[in-house]
Every structure is written in structure tokens, then in C-alpha cells.
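Below you'll find the structure, written out as C-alpha cells, and then a few comments.
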Amino acid sequence: MSVPTDPRAALARLVVQLRGAAPAARAPLVRRMLPLLAQPGIPLAVRYAAAARAIDALPDHPGAVRNVVRALTGRVPPARALRRLRHLQHLTERSGALDALVERRERKVKLTCPRCNTKLPRAEMAKHLWHEHRLELVEGKVYSNAQIAEVLRAEHTATGDPALIDRAAFRTGARQAGVWAAGTATPEETVPLCSAARERGVSLCPGCFSDIPPQVPDLPPELTLANGRLAGDGFVATAPVLSPPGCGRRCWARV
């Protein structure tokens, strides 16, 4: 069988051989893979997949994992290398040695805050971003609550999971989540909301499902009129009792 001259094909062939190799033959195959894992001419996604297969095939100890990690991250800045390793973690089945190596690098590598240029280790930077800027660090990237809510909204559109609306409300507030819900709710889903609003004596905004109190206030109680005294709504007005003009005891006597 001819040896492939294309580096990508050569790496793929070694990965195939690694799957069926005996435990004693895996380490030599991985050593042949290392120069290809460091070759920038091969797409990074292909090198990720091959490195994950190599780590899964090797014994779970630091010496074996370290060579694969060096080949994949040898010529990149520390922060970018750390992102590569975290991505590699998601592709491997289970590697305590890789997890420990990533943890050590996370303590050494300092990230720069995109808002105020503060430099902190990853764990401290995540706290700083949230408490100081209300931003969240996810897999090395910084997201605002609005951006995360948009991701949740897209996921809700794809899955229809109602729990995602609650998660979005936590991120952006109840009103913004109401705008989202109002834009996606079906007529049948709005019926219980309208019934509950009617019981509270309010209406619902069709654009955000917020409560709208009655615009016309209730009329005050009727006024009471008696003996020249007009009373009601906390006020009293009095006037002397007047008889109709031309009337009196004499006119009654003449009748």
C-alpha cells in the first residue's frame, strides 16, 4: 500500500490505524502523528479530532498527554493555546491528565478584560466580568446578557423548550422576556394569561404581556343632599334653606 503524500490523508490514515491497534502499538502510532498535529497546513478541526483520538488511545498519565498537547499548541499564544485545550477537553471521552494540565494552565494564563484592560486568571476574570460589567465568560469568549438571551431565543425556536424563557428572563429581566414571549405565543397560549389579568382587574399589553391598569378611574360615591348640606368624597358644602319666592304662612292662609 502506497504512503499518502497529502499530510491530511496521512493523518487520517494514522487515526484509522490507531482505532484497531493493540495497546502496545498505540504509542508508536501517536509519535508518528505528532508532526502532523503541529502542521498548520492541516485544518485545525482535523487536528483537533486526531488529537482527541490520540489522547483516548494513550494511557491517562501526564507524560503521554503532554506530547500531544505540545504538538497542538506549540506555536500559539498562551491564551489561544488554552482555548484549544478546553476545546480538546470536549472532544475526549475522559482524561484526568488533560484536565489537570488545563487547570494548571488556567492558573498561569491571565486574560485581559475587554472593558477595562484588567488582567486576571480565568477564574478571577469570570468573577470580575460578571460583578463589574455584567458580562459572562463562556469558553474564552465574553457575552452580554442580551447576547446570551438571543442564543436562548434561537434555541427555544429550534426546540420549543419553555424553560428557556425563564432562563432568558433571568438574563434580561421579566419585561424583555415578556416581549419575547409575546412575539412567539400562540392565541391558545394567551388565553390563560388574559384570564389571569382579568381576575387582577388589569389588561395585558399585546407587545410585552405587561399589566396595564385601567385608564379611567372609578367614579366616587354619590353625593348626599339634605337640609342644605351637600356631602361626599370627603368634602361638605352648606347653604341656608331658601323658600320659594312669594310663599309663606300668609299665602297658605289665603288659600
Side-chain angles (χ1 to χ4, degrees), residues 1-112 114 121-123 125-126 136-143 147-148 150-159 161 164:
M1 183 180 295
S2 60
V3 178
T5 57
D6 179 15
R8 180 173 176 174
L11 183 59
R13 181 175 179 178
L14 289 172
V15 170
V16 172
Q17 293 176 355
L18 188 62
R19 289 176 178 173
R26 293 174 183 173
L29 287 173
V30 171
R31 283 195 294 269
R32 293 170 57 188
M33 292 171 60
L34 296 180
L36 298 172
L37 293 177
Q39 192 168 131
I42 301 176
L44 184 57
V46 176
R47 289 186 282 152
Y48 273 138
R53 298 297 178 273
I55 290 177
D56 289 337
L58 292 173
D60 189 12
H61 63 78
V65 171
R66 190 177 298 113
N67 292 331
V68 178
V69 167
R70 286 175 177 172
L72 192 63
T73 64
R75 295 183 179 181
V76 298
R80 188 183 304 174
L82 184 57
R83 288 197 295 270
R84 288 190 178 186
L85 294 184
R86 284 200 294 267
H87 183 71
L88 186 61
Q89 279 182 302
H90 295 299
L91 299 178
T92 55
E93 292 183 2
R94 176 64 179 171
S95 175
L98 178 60
D99 295 342
L101 191 150
V102 171
E103 185 177 351
R104 286 197 300 271
R105 289 206 178 189
E106 285 182 342
R107 290 196 296 265
K108 293 180 180 180
V109 174
K110 292 186 177 181
L111 305 179
T112 302
R122 183 177 183 275
M125 179 57 69
E136 188 163 346
L137 185 66
V138 181
E139 296 184 356
K141 295 183 180 181
V142 177
Y143 297 90
Q147 290 173 321
I148 295 178
E150 284 301 317
V151 174
L152 295 174
R153 181 169 186 171
E155 188 177 349
H156 175 268
T157 302
T159 63
D161 185 0
L164 296 173

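Only heavy atoms go into these numbers, but all of them, side chains included; no hydrogens, no water, no symmetry mates. Being a predicted model, the structure only gives us computed values, none of them experimental.
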What pairs with Thr92 under side chain to side chain donor-acceptor pair (under 3.5 Å), at least two apart in sequence or on another chain?
-> none

Atom pair [atom1] ([X]) and [atom2] ([Y]), whose distance is rounded to the nearest 0.5 Å:
X      : Y      : atom1 : atom2 : answer
Tyr48  : Leu91  : OH    : CG    : 8.5 Å
His90  : His87  : NE2   : NE2   : 8.0 Å
Ile55  : Gln89  : CD1   : CD    : 9.5 Å
Asp6   : Arg13  : CG    : CZ    : 12.5 Å
Met125 : Leu137 : CE    : CG    : 8.0 Å
Ile148 : Glu155 : CD1   : CD    : 12.0 Å

Which atom pairs, donor and acceptor, lie under 3.5 Å between side-chain atoms of residues 18-41 and protein residues at least two apart or in another chain?
from  : atom 1 : to    : atom 2 : distance (Å)
Arg26 : NE     : Ala21 : O      : 3.4
Arg26 : NH1    : Ala57 : O      : 3.4

Could you report the tightest heavy-atom contact between [X] and [Y], atom names first, then the distance?
X     : Y      : value
Ala52 : Leu88  : N-CD1, 3.7 Å
Ala64 : Pro59  : CB-O, 3.7 Å
Glu93 : Asp56  : N-OD1, 3.2 Å
Ala79 : Leu111 : CB-CD2, 4.3 Å

Dump the intermediate steps for side-chain contact (heavy atoms from CB on, under 4.5 Å) on Arg47 and Leu72, then the final yes or no.
-> CA-CA 7 Å; Arg47 289 186 282 152; Leu72 192 63; 4.0 Å; yes

If we only count heavy atoms from C-beta on, is the [X] to [Y] side-chain gap below 4.5 Å?
X      : Y      : answer
Leu101 : Arg105 : yes
Val142 : Glu136 : no
Pro121 : Glu106 : no

Dump the intermediate steps for salt bridge (charged side-chain N to carboxylate O under 4.0 Å, His left out) on Asp60 and Arg94, then the final yes or no.
-> CA-CA 9 Å; Asp60 189 12; Arg94 176 64 179 171; over 6 Å; no

Which of Val69, Asn67, Val68 passes side-chain contact (heavy atoms from CB on, under 4.5 Å) with Val65? It is Val69

So with a 6.0 Å cut-off around CZ of Arg84, is the heavy-atom count from everything else above 12?
-> yes

